[in-house]
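Computation of the quantities below employed the complete heavy-atom set of this structure, encompassing side-chain atoms and omitting hydrogens, waters and symmetry-equivalent molecules. Lettering of chains follows the sequences in order, A, B, ..., and the numbering in each one begins at 1.
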Protein chains: 2
Amino acid sequence: MATLVMQSMGCDVAALNTVHFSNHTGYQQFKGTRATAEEIRNLYEGLCMNNLTDFDVMLSGYAPSAAAVEAVGSIGIDLQRKSADRSGSFFWVLDPVMGDQGRLYVNDDVVPAYKNIIQHADLILPNQFEAEVLSGIQITSLETLAKAITVIHETYKVPHVIITSVQLSKLLPSPENPSPNSTQNLLTIIGSTTLSTGKPRLFRVDVPAIDCFFSGTGDMFAALTVARLREAVFADSDKNLRNTKSWVSADDVKPTDLPLAKATERVLASMHNVLERTIEARDAELVATAAAAAAGAEGNEEELKKKEHLRRTKAAEIRLVRNVRFLREPTVEFKAKEWEGEY
Amino acid sequence: MATLVMQSMGCDVAALNTVHFSNHTGYQQFKGTRATAEEIRNLYEGLCMNNLTDFDVMLSGYAPSAAAVEAVGSIGIDLQRKSADRSGSFFWVLDPVMGDQGRLYVNDDVVPAYKNIIQHADLILPNQFEAEVLSGIQITSLETLAKAITVIHETYKVPHVIITSVQLSKLLPSPENPSPNSTQNLLTIIGSTTLSTGKPRLFRVDVPAIDCFFSGTGDMFAALTVARLREAVFADSDKNLRNTKSWVSADDVKPTDLPLAKATERVLASMHNVLERTIEARDAELVATAAAAAAGAEGNEEELKKKEHLRRTKAAEIRLVRNVRFLREPTVEFKAKEWEGEY
């Protein structure tokens with residue numbers, strides 16, 4: 001997912017696969033292999049010895065163990081060291097993949113491994129649960145959400161943060177937000193680029209939630225962000241920004257004018273287009289396979305349930321290949337808004 | 001290479017990586033891992049248990065051992081078995097990657113492993129050397145070239161063959177071909193779809209040779225062929241062809257009207273566009289990096305030679321990502337011609 005999205009956006013990608021599975025884990029069963037920390041270090045060594053480390057951006061995602069997270073971390077740190085005399089020439093986007101919906105799906109020791117390396121990243125992309133894990137703050141309101149981002153900036157000195165999915169409608173009502181998103185089921189994406197004081201500079205983008213579980217949306221978001229953030233920084237009126245460490249905008253730049261905000265707007269537009277088309281194709285596939293599924297419905301209740309789960313999971317595979325045009329040219333537009341609450 | 005090319009042509013790809021290397025082997029040094037036969041079988045088992053084996057086409061390429069070739073072969077055979085009651089619904093393109101330029105670059109036992117599975121494939125894509133290995137005929141003239149294809153059809157009962165690169169200018173002159181390609185350095189691609197007699201039906205396409213070693217052209221050719229052959233079969237005036245086993249055209253179809261010939265024309269056009277642009281970019285990169293290379297020229301003669309090799313190899317990396325539009329819409333046109341000699 002991440003590789004094809006970045007390639008479709010014009011990036012030359014050196015993919016270091018941390019796992020090689022037969023299928024995504026949403027199917028609930030899979031076969032395949034996990035890269036060891038040594039294999040990860042070894043592949044990087046191969047790149048080094050062939051002078052193939054002139055990367056502009058590194059995107060790190062799921063790693064299958066704490067040792068693998070450390071190995072990926074050491075690559076990011078080494079690439080930063082190599083580019084230290086050319087500010088802004090290397091940027092590390094770190095997706096701290098640890099869990100979702102209140103549940104860790106990695107070993108417990110992966111959490112401290114991430115906590116150790118995030119200080120070196122330029123942008124992190126936790127979901128709501130991962131932001132809670134990293135900040136130690138349970139997000140139950142707009143206030144606690146802002147507090148979590150503040151703590152993440154402070155604790156890890158990471159200049160950019162996007163919390164990739166917050167269902168504000170599920171947050172408790174508050175005086176400032178008595179009835180969050182009452183009219184429509186919205187998903188809110190919150191981002192921040194730090195001020196020179198270390199305090200956050202918050203924006204939000206609301207998008208219509210699509211009621212389906214897709215596997216790979218996190219990687220799609222991260223990969224699009226790599227391409228769009230770089231594009232926004234290079235298009236920025238501050239021509240010096242691209243040569244500024246971690247691409248941190250000057251303090252007088254408003255939250256909604258941040259390259260991070262501009263990038264997030266475009267990322268979400270592309271995702272909305274692709275997921276809309278995926279839902280259409282999913283519905284058509286479920287209809288088309290219904291008869292065969294009913295005809296082949298043999299086995300006990302448990303087996304039938306499993307077959308149906310596999311059919312539904314396959315039908316919901318993100319339709320990327322035939323919709324790549326929407327990555328480059330989305331047809332919808334979302335706008336970043338100022339954060340309304342206090343922080 | 002193969003995955004991105006097929007994806008860019010609109011194919012949903014399940015990639016089963018038989019190796020995971022830091023870089024291509026043209027750099028002459030690399031790190032990484034090779035999949036074992038068990039790992040390959042295991043990944044396929046994962047696909048089977050999740051009902052994810054409804055493939056239209058399988059493309060098999062480099063496998064790192066004889067056992068790995070066998071494992072890949074057993075996947076192709078199983079997919080054929082699964083689709084046996086729906087003629088033409090599954091097609092196996094096999095690239096018998098064994099060597100080039102007169103030299104095997106796999107273990108000796110890989111050769112018999114390929115010889116055992118090719119009978120199950122629908123199309124094979126040997127280069128000149130691999131065609132010699134498979135046929136046991138040394139290709140030194142147009143006659144021996146035609147003979148090699150005849151033997152391959154006969155021996156392996158494989159209905160479609162393309163020999164992906166023959167430098168006829170390097171073949172010995174013959175009475176029919178006293179001065180082959182004297183005016184320009186041409187590369188000739190020879191293809192054949194078998195007649196019902198088992199005899200070949202030969203066509204050729206000549207393209208200007210580009211004087212540079214590129215790594216990945218074999219995979220690009222194979223991946224483009226997957227997409228273009230299917231397209232040509234579906235566009236064929238014989239609407240029954242797509243439901244015919246192995247997509248073998250009726251005997252009255254002329255060599256140059258074969259879907260295989262139509263596909264080859266388009267494949268070569270796309271490749272020519274991409275490689276032309278690669279050469280331009282390579283030349284620009286060599287100029288751009290020359291000063292830094294000279295400034296950093298430390299070490300003994302051997303070290304300097306190696307550095308220069310790495311610089312040149314990197315500069316010649318195929319520029320695919322930014323030229324994918326030429327895969328779908330090439331701007332040049334090559335035409336298949338009838339085979340002039342006897343066979």
ask   = For chain B, which residues from residues 21-51 of chain A have at least one heavy atom closer than 4.5 Å to it?
value = A:Phe21, A:Ser22, A:Asn23, A:Tyr27, A:Gln29, A:Phe30, A:Lys31, A:Gly32, A:Thr33, A:Glu39, A:Asn42, A:Leu43, A:Glu45, A:Gly46, A:Leu47, A:Met49, A:Asn50, A:Asn51

key: Residue B:Glu329 excluded, over 12 heavy atoms near CD under 6.0 Å   = no

query = When heavy-atom pairs shorter than 4.5 Å are enumerated against chain B, which of A:Leu320, A:Thr313, A:Leu52 gives the highest number?
reply =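 Highest number of heavy-atom pairs under 4.5 Å: A:Leu52.
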
ask   = Can you name the closest pair of heavy atoms from B:Gln7 and A:Val321 and give their distance?
value = O-CG1, 3.4 Å

Best-contacting candidate, B:Ala14, B:Cys11, B:Ser8, against chain A by heavy atom pairs under 4.5 angstrom =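 Of the candidates given, the most pairs with chain A belong to B:Cys11.
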
ask   = Pick from B:Val13, B:Thr3, B:Asp54: which one has the most heavy-atom pairs with chain A under 4.5 Å?
value = B:Asp54

